[in-house]
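Data first, discussion second: the structure below is written as structure tokens.
Because the structure is predicted, anything quoted here is derived from the model rather than measured. Ligands are counted one by one from 1 in listed order, and the atoms in each one are counted from 1 as well.
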Amino acid sequence: MAEGSELPSSELGTIEYWDMTYKRDVMNFKSHGDLGEIWFGEESMERILNWMLKSEEITPEGSVLDVGCGNGLFLVHLAFEGFTRLYGIDYSRNAIELARAIAEEKKLNIAYEEVNFLAEGHVDGLASKKYDVVHDKGTYDAISLNPDDPRAKRIAYIKAAHRVIEDHGLFIITSCNWTNEELQNHFTGYFRLEYEIPTPSFMFGGKVGSQVTSAVFKKVVL
Ligand SMILES: C[S@@+](CC[C@H](N)C(=O)[O-])C[C@H]1O[C@@H](n2cnc3c(N)ncnc32)[C@H](O)[C@@H]1O
């Protein structure tokens with residue numbers, strides 16, 4: 001599990017970076033209603049939403065946890081599609097402030113909590129529960145860029161994701177740092193690939209590659 005080489009570290013792997021980013025976003029939202037960034041773009045989010053809406057394994061009554069929810073826009077879209085049990089966690093308190101302000105303005109009932117997903121011993125709160133769907137867009141990527149022992153952080157993340165998913169549950173992840181094969185390799189023993197959501201590919205140096213990977217994994221019940 002979690003084999004292979006690590007990525008060069010970056011400030012995107014630190015809480016200071018995200019706190020600073022979302023502090024600016026909170027100010028922008030309050031001053032002129034700007035909702036902030038959609039990581040990997042609008043199309044990337046729509047691809048996942050469309051897949052979820054068509055999936056026979058997902059219903060609007062099912063619970064969804066967005067890990068590293070940022071501004072919460074993914075959950076906002078699900079709320080508009082009729083999903084009712086929506087939860088978002090992020091370790092940046094400014095991200096949670098922004099997500100709550102956006103949900104309040106749109107009169108949506110989404111529960112948010114400031115929590116470090118990698119911390120151990122969650123005895124209460126959102127990270128101590130189990131969900132039908134766990135969603136991640138860019139959070140595993142950010143954790144992989146941590147300057148301090150990223151491999152250990154990735155392994156802690158995979159174990160935490162496995163813990164918060166129901167046995168029948170789905171793990172939907174979008175990454176721009178790891179290929180589908182690398183994700184499968186990292187998750188061996190914890191999750192198995194169920195479906196790869198097709199993403200646009202590009203040609204570079206005679207090779208066809210994708211900028212973003214979106215994949216749906218099923219929990220391996222240990
Ligand atoms: C690339 S951003 C993506 C945000 C959001 N998912 C989106 O698509 O807009 C990565 C997010 O992961 C959050 N994050 C990183 N490490 C985390 C951790 N250990 N626990 C909870 N959130 C974390 C960051 O604060 C940030 O909001």
Side-chain angles (χ1 to χ4, degrees), residues 2 7 9-26 28-29 34-49 51-52 64-79 86-103 110-122 125-129 131 133-164 171-178 197 199 211-215:
L7 304 170
S9 69
S10 147
E11 60 177 358
L12 273 73
T14 68
I15 189 167
E16 291 77 19
Y17 174 85
W18 295 109
D19 266 341
M20 201 178 62
T21 300
Y22 291 117
K23 185 176 181 184
R24 182 202 59 210
D25 289 356
V26 167
N28 286 340
F29 178 67
D34 183 351
L35 302 178
E37 186 152 353
I38 299 185
W39 279 85
F40 310 148
E42 187 99 36
E43 313 79 50
S44 185
M45 185 167 71
E46 276 169 13
R47 267 194 300 274
I48 308 163
L49 291 166
W51 187 87
M52 287 180 71
V64 181
L65 175 71
D66 194 10
V67 177
C69 60
N71 54 21
L73 289 187
F74 181 76
L75 295 170
V76 166
H77 279 80
L78 285 178
L86 297 171
Y87 308 90
I89 57 173
D90 202 292
Y91 72 172
S92 163
R93 69 180 50 192
N94 297 331
I96 294 301
E97 183 184 345
L98 177 63
R100 282 185 178 141
I102 292 173
I110 304 173
Y112 290 109
E113 194 179 292
E114 178 193 334
V115 47
N116 182 352
F117 193 52
L118 304 187
E120 284 177 18
H122 295 283
L126 296 181
S128 70
K129 312 246 177 339
Y131 302 86
V133 175
V134 171
H135 172 260
D136 170 332
K137 181 157 62 67
T139 304
Y140 184 66
D141 279 0
I143 284 167
S144 304
L145 298 170
N146 193 290
D148 177 26
D149 200 352
R151 185 172 189 276
K153 301 258 175 356
R154 289 196 296 102
I155 293 173
Y157 173 96
I158 294 164
K159 289 183 175 170
H162 189 266
R163 192 192 66 236
V164 296
F171 177 35
I172 305 175
I173 179 165
T174 299
S175 167
C176 73
N177 286 339
W178 300 109
I197 301 174
T199 52
Q211 284 157 308
V212 180
T213 295
S214 284

Taking salt bridge (Lys or Arg N to Asp or Glu O under 4.0 Å) as the test, write out the residues that go with Arg163, two or more places apart.
none
Distance under 4.0 Å, heavy atoms only, partner ligand 1: which residues pass?
Trp18, Tyr22, Trp39, Gly68, Cys69, Gly70, Asp90, Tyr91, Ser92, Val115, Asn116, Phe117, Leu118, Lys137, Gly138, Thr139, Ile143
If I compare all heavy atoms of Tyr140 with all of Ile173, which pair ends up nearest, and what's the gap?
CB-CD1, 3.7 Å
Name all residues meeting the side-chain contact (heavy atoms from CB on, under 4.5 Å) criterion together with Ser128; count only those two or more places apart in sequence or in a different chain, and write none if there are none.
His122
Is it the case that Tyr157 and Asp136 place a side-chain donor and acceptor less than 3.5 Å from each other?
yes
Suppose we screen for ring-ring contact (aromatic ring centres under 6.0 Å, His included). Which residues come up paired with Tyr91, at least two apart in sequence or across chains?
none
Evaluate the salt bridge (charged side-chain N to carboxylate O under 4.0 Å, His left out) criterion for residues Asp148 and Lys153: first the C-alpha distance (whole Å), next the side-chain angles of each, then the deciding distance (0.1 Å), finally the verdict.
CA-CA 8 Å; Asp148 177 26; Lys153 301 258 175 356; 3.8 Å; yes
